[in-house]
Amino acid sequence: MENFKRTHYCGALSLNNLGECVTIIGWVSKKRNLGSLVFIDLRDRYGIIQVLVKTDEINLPDVRNEYILQVEGIVSKKEVPNPTLKTGDIEIIASKITVINTAENPPIIVADDTDANVDTRLKYRYLDLRRLCMQKNFIIRSKIVKAVHEYLDANDFIEIETPILTLSTPEGARDYLVPSRIRKGSFYALPQSPQLFKQLLMVSGFERYYQVARCFRDEDLRADRQPDFTQIDIETSFLSQDEILTLTEGLIQKIYKDVINYDVELPLRRISYDDAVNIYGSDKPDTRFDMKLVSIKDILSDNQNDLIKNNKYIKCIKAENIASDTSRKVQDEYNLTASKFNMKSFAYLKYVNSKLEGSIVKFLSELEQQQIIALANLHENDLLIVAFSNNLKNINFGLGAMRTLIAKKYNLIKPNTYDILWVVNFPLFERSEETGEISPCHHPFTRPLDEDLPKSETKPYEVYSYTYDIVMNGYEAGGGSL
RNA sequence: GGACCAGUGGUGUAGUGGUUAACAUGUCACUCUGUCACAGUGAAGAUCGCGAGUUCGACUCUCGUCUGGUCCGCCA
């Protein structure tokens, strides 16, 4: 077996290496044959570098896509730089090329902008993962875990592994089951989280525990949800909610700094669950765009129209400058999104030629119209979507879904920006939609807010809890509780 | 458990009852000294997911089935 040596990585070379004689190893990403000049893009984990072969000076063996080559050559400045490439200023002028391994013609294009569909990519996953954009995901993940270890180790945490084959742990999901060989007819459950174990560890006096923990939940997939996943699992003794949030913020700040060199400003914004839901229509709001939910019930308190009179809640969102773009068909699309939250009653008001237009305008007095225009701060061509409901949760989440949909449709979100905030103090209980029974919102071990404790018997749905979710760009990235 | 969408050369798509099954890209061959989505010329490559049915005739319509995707339920 030959032992192939290299002196540098392809993607790590730069102008600093100018003039050096280097040996690199990589996969052929692309070959451009101009006759006596052949350009080869050679790829390794660090990136792509162009190799220049002058075929009247050296021998070029048969080279095709995804062949693995060892290349000796001089790092040189390109005659025409390519600013779109990290190594675009330089190239290797090859003096010797060795084929380490050949390859069949790959079924998918091994490049960031491959055109293959997901199932094809999964069938040839080992080729899909050669793409640098895919490797980047794994590299980021690895860097995150490294930062987690460093931060928590520095904060006196102990990493402890907990069992995978266990009794059922009481989370909300279905367990994955593994049949027992020794006790026939019995099953292990895979942990939905290390919840019970870490609480036992606290009882045992470890005080600060963490684990990069694999969790298993036998529920259906979504685009952003897998049945087995990894969570950074933390448990401490004696800390207040404020202390645990501060500790976690430090971790988040370090991860962003170490991984993408982004400075997260601390402390993070904290908003209550009730505010998140009432103002943004979501318990995981994306606050990179405005479109806040506004109640106009007060303005319409004297209105005798049935729709207005008979609905306890009337709230609206303003979408700027899209009134003329919002046909009946588009309205139906918005309504469909909200209908998932049992929302049916909507009215669309368009502010055109300095006045309101829309089906319900005829039921609004001149004063009411002026008040709405002022409250919503309407400008020409703004669209005001008004929702009517007697269910506060439905109207909030329904409008929240519309809000997100419109923001995506009109690109209201600045790309490459980070919006990180805490949503705190969730309700302790919720009522099951089907059975009507009371059940924990979070999990059964959650501590109620001290000041709400007296209400726990009489008004359980008004009891809030020491709970907190970390929300990034509208995604729930984590959460916990006392 | 449910709803919807999609399966056509290697890949991605077009194709609304009769086509030589089209286009792009990739591949192969040849030409080419500055390409980086190289360019030019030429070539090969598809029993249209599978099964049944309707029809003179099905990639196309119907039913079933398999696979993939998105969403609802579910996921504290």
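The ring-ring contact (aromatic ring centres under 6.0 Å, His included) pairs that include a residue from residues 214-248 of chain A number zero, where partners must be two or more places apart or lie in different chains. Among residue pairs with one or both ends in residues 29-84 of chain A, those qualifying as ring-ring contact (aromatic ring centres under 6.0 Å, His included) are A:Tyr9-A:Tyr46; sequence neighbours excluded. Within the structure, every pair that satisfies the salt bridge (Lys or Arg N to Asp or Glu O under 4.0 Å) test and touches residues 21-42 of chain A, not counting sequence neighbours, is listed here: A:Arg32-A:Asp41. The stretch residues 42-52 of chain A participates, sequence neighbours left out, in these salt bridge (Lys or Arg N to Asp or Glu O under 4.0 Å) pairs: A:Arg43-A:Glu66.
Within a 6.0 Å sphere centred on NZ of A:Lys408, other residues, nucleotides and ligands contribute 12 heavy atoms or fewer. Around CD of A:Glu451, the count of heavy atoms belonging to other residues, nucleotides or ligands within 6.0 Å exceeds 12.
As a whole-Å value, the separation of A:Arg121 CZ from B:rG10 C1' is 17 Å. Following rounding to the nearest Å, A:Leu221 (CG) and B:rG69 (C1') show an atom-to-atom distance of 11 Å. Atom CG of A:Asp228 and atom C1' of B:rC75 are 14 Å apart (whole Å). Distance CG (A:Asp224) to C1' (B:rC71): 12 Å, rounded to an integer number of Å. The distance between atom CG of A:Leu122 and atom C1' of B:rU67, rounded to the nearest whole Å, is 13 Å.
Remark: B:rU65 base-pairs with B:rG49. Criterion, Watson-Crick or G-U wobble with two distances under 3.5 Å. In a base pair of the Watson-Crick type (N1 to N3 plus N6-O4 or O6-N4) or a G-U wobble (N1-O2 and O6-N3), with each distance short of 3.5 Å, B:rG40 is matched with B:rC30. Of all nucleotides present, only B:rG12 satisfies the Watson-Crick or G-U wobble test against B:rC23, with each distance under 3.5 Å. Across all strands shown, B:rA3 forms a Watson-Crick or G-U wobble pair with B:rU70, both key distances being under 3.5 Å.
At least one donor-acceptor pair under 3.5 Å links the side chain of A:Ser193 to the backbone N or O of A:Gln195. For the pair A:Ser36 (side chain) and A:Lys54 (backbone), a donor-acceptor distance under 3.5 Å is absent. Panel note: side chain A:Ser142, backbone A:Phe138; no donor-acceptor pair is recorded below 3.5 Å.
Taking for each of A:Arg174 and A:Asp119 the nucleotide of RNA chain B with the nearest heavy atom, the 5'-most of the two is the partner of A:Asp119. Nearest-nucleotide assignment on RNA chain B puts the 5′-proximal partner with A:Val118, out of A:Glu476 and A:Val118.
For a distance-only test at 3.5 Å, the side chain of A:Arg217 fails to qualify as a donor-acceptor partner of the base of B:rC75. Counting atom types as modelled, A:Arg222 pairs a side-chain N or O with a base atom of B:rG73 as donor and acceptor under 3.5 Å.
When the P atom is compared between B:rU8 and B:rA44, the two are found 23 Å apart, to the nearest whole Å. Remark: the separation of the P atoms in B:rU55 and B:rA3 is 30 Å, to the nearest Å. Comparing the C1' positions of B:rA29 and B:rC66 gives a spacing of 40 Å, expressed to the nearest Å. Separating the P atom of B:rG7 from that of B:rA14 is a span of 7 Å, rounded to the nearest Å. The separation of B:rG15 from B:rA37, taken at their P atoms, amounts to 30 Å, rounded to a whole angstrom.
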Anything under 3.5 Å between a protein N or O and an N or O of nucleotides 1-3 of chain B, put it in a table, one pair a line.
residue : atom : partner  : partner atom : Å
B:rG1   : O6   : A:Asp220 : OD2          : 3.1

Give me the distances for all protein-to-nucleotides 4-8 of chain B N/O pairs that come in under 3.5 Å?
none

If you look only at distance, which donor and acceptor atoms sit under 3.5 Å apart when one is on a side chain in residues 472-482 of chain A and the other is two or more places apart or in another chain?
residue  : atom : partner  : partner atom : Å
A:Asn473 : OD1  : A:Asp419 : N            : 2.7
A:Asn473 : ND2  : A:Thr417 : O            : 3.2
A:Ser481 : OG   : A:His442 : NE2          : 3.4

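By the 6.0 Å and 45° rule, A:Arg130 does not stack over the aromatic ring of A:Tyr124.
Looking at residues two or more places apart in sequence or on another chain, you find no ring pair (Phe, Tyr, Trp, His ring centres under 6.0 Å) involving A:Tyr209. Remark: A:Asp290 engages A:Lys292 in a side chain to side chain contact (heavy atoms under 4.5 Å, CB included) (not counting sequence neighbours).
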Inset, instruction - At under 4.0 Å between heavy atoms, which parts of nucleotides 24-36 of chain B does protein reach? Answer with one letter per nucleotide, 5' to 3': B base, S sugar-phosphate only, - none. - result: --SSSS--BBBBB
Inset, instruction - Heavy atoms under 4.0 Å is the rule here; annotate nucleotides 41-47 of chain B 5' to 3' with B where the base is hit, S where only the sugar-phosphate is, and - elsewhere. - result: -------
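Contact annotation: the side chain of A:Asp228 never approaches that of A:Tyr176 to less than 4.5 Å [non-hydrogen atoms, C-beta and beyond].
Interatomic distance, CG of A:Asp283 versus CG of A:Asp275, reported as 13.5 Å (0.5 Å rounding). Atom CD of residue A:Gln241 and atom CG of residue A:Leu449 lie 7.5 Å apart, to the nearest 0.5 angstrom.
Using bins of under 30°, 30° to 60° and over 60° for the plane-to-plane angle, the ring pair A:Tyr273/A:Phe426 lands in the tilted bin.
Listed in residue order, the members of residues 279-286 of chain A having a heavy atom less than 4.0 Å from RNA chain B come to none.
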